[in-house]
2 protein chains.
Amino acid sequence: MTYSIGQVAEKLSVTVDTLRYYDKAGLLPFVKRNAAGRREFTDNDLHLMRTIMCLKNAGVPVNEIATFVQLRLQGDTSLDERYQLLLAHEQNLKTKILDLQETLAYLQYKKWYYETAVAAGTEAIHFLPGSNEVDPQLARQYQAHLKEIGDLTTLALFNEVIELPK
Amino acid sequence: MTYSIGQVAEKLSVTVDTLRYYDKAGLLPFVKRNAAGRREFTDNDLHLMRTIMCLKNAGVPVNEIATFVQLRLQGDTSLDERYQLLLAHEQNLKTKILDLQETLAYLQYKKWYYETAVAAGTEAIHFLPGSNEVDPQLARQYQAHLKEIGDLTTLALFNEVIELPK
DNA sequence: TTACAACCTGGAGTCAGCTCCAGGTCAAGG
DNA sequence: CCTTGACCTGGAGCTGACTCCAGGTTGTAA
């Protein structure tokens, strides 16, 4: 049982053009052609491609994925090298997720800022009296709010990301 | 107290060129110039820029951030619109984090694949007997492994992301 | 008072990752 | 037989987010 490029594109939710681009870029050297020169993807190919898509989703650049695929072609001698590569990208990805969680914590602070401002009908409630500048201590109110609602996970992330004066 | 573009670049860990690019793109209309035409950033400007950087880190494209900044200039009448924009991007970011967590779960499966292969000295331990194809049922062994070490969080994410035959 | 670093502008260049096109082949349905 | 749609290639074009450059101004420290 084999699949055409169109069927694979469907399965992986990418375009046919993208798959051909990946092939040109050396990501799919294992895909065989039929007599007419058309690509025929096997189930095993799809399995390998899921790993490739995983690396892509993890933010690994195409040329590095190509390196990984090349290593695979070399067989068991490259096992450790491939493992190291995965290990490095696991760390990258963990770091990226943590960064995004901190970004989310800050975004939620701003959301709270606007929730309270919308409720008050004006942003001025967050300004220093008689100015258009945001109270530099405002984050403390939000910290208190997080404590109140018991969201200590967000609080911890927020504390990582904010720096308060004085 | 004001800051030069160089000082701000330092503080925000971006280049001076990037900041000028943001200014051209309409992200920093609030930054004033001194008599010599140089930018002078206030503490309040820095505060606003932290929000901009947050949106940037959240993956919001520059032109959408520019929209947000434009809304801000319109004052309290745009409060709700700004809130809605933040809300939408909070959702995007949450989704993205979840996707990355699933990607991480798959990456860790592959890491386990290579750990065991490296230990065995060959990838063949994961192949169907007498072939070069990965056992389509292999993920079940990994599921069992996750249960064994009690990592139910990763197991749940992994189950989201894998589809097994039969 | 001059050297030099930091700033300014407009605009060109770069890079990754697609995306699209022209021009052609091939298999199946009417 | 003929049309149609999915496939093929090489190569050009596009987009976003910078990044760099030439040519010029400014502020300060020796």
Side-chain angles (χ1 to χ4, degrees), chain A residues 1-42 45-46 49 52-69 89 92 96 99-100 103, chain B residues 1-42 45-46 49 51-69 89 92-93 96 99-100 103:
Chain A
M1 170 73 189
T2 62
Y3 309 88
S4 71
I5 194 169
Q7 290 170 315
V8 173
E10 173 87 89
K11 260 180 207 287
L12 301 182
S13 309
V14 296
T15 68
V16 165
D17 272 325
T18 298
L19 289 179
R20 284 202 270 251
Y21 161 70
Y22 288 164
D23 198 359
K24 280 184 203 176
L27 264 55
L28 313 175
F30 46 82
V31 177
K32 298 286 181 294
R33 305 294 184 107
N34 67 14
R38 298 192 175 182
R39 293 172 186 85
E40 293 197 325
F41 296 76
T42 66
D45 290 346
L46 278 179
M49 290 177 71
I52 289 172
M53 288 316 196
C54 166
L55 291 173
K56 201 210 65 158
N57 292 335
V60 181
V62 163
N63 58 62
E64 258 189 84
I65 302 178
T67 304
F68 183 81
V69 171
H89 285 297
N92 292 161
K96 189 193 290 197
D99 285 354
L100 287 182
T103 296
Chain B
M1 171 77 188
T2 62
Y3 309 88
S4 72
I5 195 171
Q7 291 171 316
V8 174
E10 173 88 270
K11 260 178 208 285
L12 301 182
S13 307
V14 297
T15 68
V16 166
D17 272 326
T18 299
L19 290 179
R20 285 202 270 252
Y21 162 70
Y22 288 164
D23 198 359
K24 278 184 203 176
L27 265 55
L28 313 176
F30 46 82
V31 177
K32 297 288 181 294
R33 307 296 184 104
N34 68 13
R38 296 190 176 182
R39 293 169 185 86
E40 294 197 326
F41 297 76
T42 67
D45 289 347
L46 279 179
M49 290 177 71
T51 303
I52 289 172
M53 288 315 195
C54 167
L55 291 173
K56 200 210 66 160
N57 293 335
V60 180
V62 164
N63 59 60
E64 258 190 82
I65 302 179
T67 304
F68 183 80
V69 171
H89 285 298
N92 291 161
L93 187 52
K96 189 193 292 195
D99 284 355
L100 288 182
T103 297

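These numbers were taken from a predicted model, which means no experiment stands behind them. Order of the sequence lines sets the chain letters (A, B, ...), proteins ahead of strands, with each chain counted from 1.
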Test of understanding: with side-chain hydrogen bond (donor to acceptor under 3.5 Å, both in side chains), list the residues that count as partners of B/Thr42, not counting sequence neighbours.
B/Asp45
Mind checking what makes side-chain hydrogen bond (donor to acceptor under 3.5 Å, both in side chains) contact with B/Tyr3, not counting sequence neighbours?
B/Asp43
With a cut-off of 3.5 Å and sequence neighbours excluded, list every side-chain donor-acceptor pair involving residues 25-37 of chain B.
residue, atom, partner, partner atom, Å
B/Lys32, NZ, B/Phe30, O, 3.4
B/Arg33, NH1, B/Gly37, O, 2.9
B/Asn34, OD1, B/Ala36, N, 2.9
B/Asn34, OD1, B/Gly37, N, 3.1
B/Asn34, OD1, B/Arg38, N, 3.0

If I take atom [atom1] in residue [X] and atom [atom2] in nucleotide [N], what distance separates them, rounded to the nearest angstrom?
X       : N      : atom1 : atom2 : answer
B/Phe41 : C/dA6  : CZ    : P     : 16 Å
A/Ile52 : C/dG17 : CD1   : C1'   : 16 Å
B/Lys32 : C/dC8  : NZ    : P     : 15 Å
A/Asn34 : C/dT25 : CG    : P     : 16 Å
B/Asp17 : C/dC7  : CG    : P     : 11 Å
B/Leu19 : D/dC20 : CG    : C1'   : 16 Å
B/Tyr3  : C/dC7  : OH    : P     : 15 Å

All side-chain contact (heavy atoms from CB on, under 4.5 Å) counterparts of [X], not counting sequence neighbours:
X       : answer
A/Glu10 : none
A/Val14 : A/Leu12, A/Thr18, A/Leu19, A/Met53
B/Asn63 : B/Pro61
A/Asn57 : B/Thr103

List every contact pair, protein side and nucleotides 13-17 of chain D side both N or O, where the distance is under 3.5 Å.
residue, atom, partner, partner atom, Å
D/dA17, OP2, B/Val62, N, 3.2

When rounded to the nearest 0.5 angstrom, what distance separates CD in B/Glu40 from OG in B/Ser4?
9.5 Å
dist A/Glu64:CD -> A/His89:NE2 (nearest 0.5 Å) comes out at 4.0 Å
Please determine whether a side-chain nitrogen or oxygen atom of A/Thr18 lies at a distance below 4.0 Å from atom OP1 or OP2 of C/dT19.
yes
Using the 3.5 Å cut-off, write out each protein N or O paired with an N or O of nucleotides 5-9 of chain D and the distance between them.
residue, atom, partner, partner atom, Å
D/dA6, N3, A/Arg38, NH2, 3.3
D/dC7, OP1, A/Ser4, OG, 2.7
D/dC7, OP1, A/Gly6, N, 3.0
D/dC8, OP1, A/Arg39, N, 3.0
D/dC8, OP1, A/Arg39, NH1, 2.7
D/dC8, OP2, A/Arg20, NH1, 2.5
D/dC8, OP2, A/Arg39, NH1, 3.1
D/dC8, O3', A/Arg33, NH1, 3.3
D/dT9, OP1, A/Arg33, NH1, 3.0
D/dT9, OP1, A/Arg33, NH2, 2.9
D/dT9, OP2, A/Arg39, NH1, 3.4
D/dT9, OP2, A/Arg39, NH2, 2.9

Looking at A/Lys24 and C/dG17, is any side-chain donor or acceptor paired with a base atom of the opposite kind under 3.5 Å?
no
